[in-house]
Amino acid sequence: MKYRVESKDQYQQFYQTSMEDQNKYWEERAQTFTWFKKWDSVQTGNFKDLNVEWFSGGKLNITVNALDRHAENTPDKVAIFWEPNDPKESPIQYTYKELLEKVNQFANVLAGQGIEKGDRICFYMSMVPEFLIGVLATARIGAVHSVVFGGFSAKALAERINDCDAKLVVTNDEAYRGNKIVPLKNITDEALEKCSCVKSVLCLKRTGGNIKMQEGRDHWLNELLDLADKEFQPAEMDAEDPLFILYTSGSTGKPKGLQHTTAGYMLWASETYKNVFQVGDNDIYWCTADIGWITGHSYITYGPLLNGSTQVMFEGIPTFPDAGRFWQIVDKYRVTHFYTAPTAIRALEACDEKFVNEANLSSLKVLGTVGEPINIEAWNWYNEKIGKKNCPIVDTWWQTETGGIMISTLAGVTDVIPCHATLPLPGVCPMLVDNEGNEITSNPAEGNLCIDRPWPGMARTIYGDHERYRQTYFSTYPGKYFTGDGARRDKNGNYRITGRVDDVINVSGHRIGTAEVEDAINEHEAIVESAVIGVPHDIKGESLVAFMIPFHSDSSSQDLLTSVNELITKEIGAIAKLEKAIVVPGLPKTRSGKIMRRILRKVASGELDKLGDTSTLLNPEIVDEIIKAMK
Ligand code: WT7
C-alpha cells in the first residue's frame, strides 16, 4: 500500500519529513487520490489568524475516492457486511460496485427533494445500511451532513437542526436497539414542530411500526430509492468546501457544530486509518461505533472505504441477545481488526466469562480502543481474553475536532505500551504546557496537551461562530490548539492521556458538558441552582453527580433524582442522566460567583484532606454543610 508506514525506522523517517518538509510530505500523499483539478497550494494559514487551508484550489469529491476508485478496481470486493440487531434476521452485504449504485440512487433521491450543493442535511437514524449510504450520498451531491446520534432527545435534535438550518431530515420509523424499540420518527416529528427550516423528511421503513406521515413533507425513503437511477454525477467540490458538521459538547454553552472540510479531512481519515490499523487486502475490519459520533464518521464511513477495505457494520448492541454478541460476530465474519471503546470492554468484562470462552476469536490480529482513558484491568482483559496476548492494542487518542487519530501506536509497527496512546502520527506536533502556558520540553513530563501546528484533518471552524472557535481552542494558550486533555509523557516521548482538565465529563466515551446538564436541571421547578461533576464509575469510566439547591429544604435527594432524570432525558437524552443527586443548602463559589467544582469533586471522592484552601471562597462555611449532606 502506497506510503503506508511499514517499520519503526520508516515511522521515524516519515515523522521527520512531515515536520521538516510538511508540504512535500502531504503533497506526495494527496497525489494518490483522484482529483478533478489539482490544488494550487498545499497548506496556507496559521493558528494565529485561524485561516488554515489545505490543498486550496483543488477540486474533488470524497466519494469518488471512497467508492468509484474501488468500484472500478475491485468491483466485487465486499465493502460492507451489515449485521442486524437480531441475529435471526438476514444480514446484508454490498460489494463496492453495489454500494456505489446505492449511493447514487440515494443522491438522486436527494436531488429529487431539491437538495443542492452546500445545503445541510440532518441524519437521525439507527445503524441501518441506509444511514451510511445516505451520508455518502450527501457528500456525493455536495451537501453537508449533520448527523445527530439517535439517543438524543427531540429538544436536542431540534436545537441541532436549527443551528445549522438543515433543509431535510433523514430518519427511520423506529430503531431496533437490543430488545428495545426507539421511536425515531415520532421524536423527529416532535423536534420538527420547532424547526421551520426543514422542508422534507425521508423516512426509512425499518420496523414497520405505526407512525404518522405528514402529507407533503414526509416521504418513504424505501419507495423513492427503489425508483431512483443508479447513475449520478458527483459534485465538484473545492478542497475547502464543508463536508460535514458534527455537534459536540464543551465546558461552556450549547453544543458546538464543528465543521470539517473536504480534502484535508479525506487525507486525514484515509492516512490515519491506513497507518494505525494496517488492514490488509483480505482482512475484515470492524468498528463498533455509531455513525452518530466522530468515530463512526472517520472509521466507518470514510477511512475504511477510502482504503478499499471490507468492514462489518452492526445495527445492535453488545449484550443482545446475550453478552457474547460481539464475539459471535467476530467469529461469524472472521474479523481481523476490531475497534471499540473502553466502556464496552469493561461492560463485557463484567459479564459471565463463558461468553468469551465459547468464542473462537482466532481470526483477530489487531485490537483498538478509543474514546476515553483505558484502565489497566480492562486493558489486560482485552489483551488476554480477546487478543490472546497475540494482538497489538492500538490506543488511539483523538477528538471530534481533530477529525482523526492523532496519537496512537501503529499496529505491529511501533511499540505498544499498556494504557498509552504512545507516539504522534506523522504530521502531528503535540506539546505539553504548564498552567501558565510555558512549553515543557524535558521528559518525563505532565501537563496540558496542545497541538502546535495545523494538520489536514483539523476542524476549520464552529458552524456560524468562528469567534467561538478561536475562544474555545486557541485562546487559552495563544498560537496553540488546546485539546482540553491532560497528558503525561515518559522519557522516550510516549504519551499517556490522563483525561479532561476542563468541565467536560466523559460518560461511556460520550462527551457531556457540565453546563448543558446544569441548564437542564435548573429548569426543574423545585431547583434553584445546581453543579454537576464526574465521579469514577466501574463501567462508564465516569458518571454524573449533581449537587442541587432546592427551593424547599424538605425535598429529598431520591425524589428529585427521579424527576430531574426525566427532565434531563427530555432536554438532552438518556446518555446525560445522573447517577446520583445530592441536596445541598448552597454551592461553593469564588468571589466572582464561579462554582468551584474542584471542591465538589474532592468532597464526592472523600478526599477531605485535599480540599485545598477554601478560605478564599465567597461562602467557606458551605463546605462543611456539603460534607454533611454527602453522608
Ligand atoms: C475526548 C474526545 C475520538 C473519538 C471518540 C471521542 C477522550 C478519546 C482517548 C484515548 C484517552 C481519550 C479525550 C478527548 N479520548 N480517545 N485513546 N485515551 N482519552 O471523541 O467525543 O470528541 O471526545 O475523548 O478526553 O478529548 P470526542
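Being a predicted model, the structure only gives us computed values, none of them experimental. Reckoned from all heavy atoms, side chains included, excluding hydrogens, waters and symmetry mates. Indexing begins at 1, ligand by ligand and atom by atom, following the structure's order.
- A cation-pi arrangement is present between Arg160 and Phe152 under the rule of less than 6.0 angstrom and at most 45 degrees off the ring axis.
- At a heavy-atom cutoff of 4.0 Å, ligand 1 is surrounded by Ile294, Thr295, Val370, Gly371, Glu372, Pro373, Asp395, Thr396, Trp397, Trp398, Gln399, Thr400, Asp485, Ile497, Arg500, Asn506, Arg511.
- Exactly one residue among Asp163, Val147, Thr400, Leu258 makes a side-chain contact (heavy atoms from CB on, under 4.5 Å) with Tyr247. That residue is Asp163.
- A cation-pi arrangement is found for Arg29 relative to Phe14, the charged atom lying closer than 6.0 Å to the ring centre and inside a 45° cone about the ring normal.
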Original post:
Checking side chain to side chain donor-acceptor pair (under 3.5 Å) for the pair Asn448/Asp434: CA distance, chi angles, key distance, verdict?
Top reply: CA-CA 6 Å; Asn448 303 306; Asp434 63 22; over 6 Å; no

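- Legend: residues meeting side chain to side chain donor-acceptor pair (under 3.5 Å) with Thr476, ordered by chain and number and at least two apart, are absent.
- Checking each of Glu372, Glu579, Lys540 against Val507 for a side-chain contact (heavy atoms from CB on, under 4.5 Å) leaves exactly one that passes, namely Lys540.
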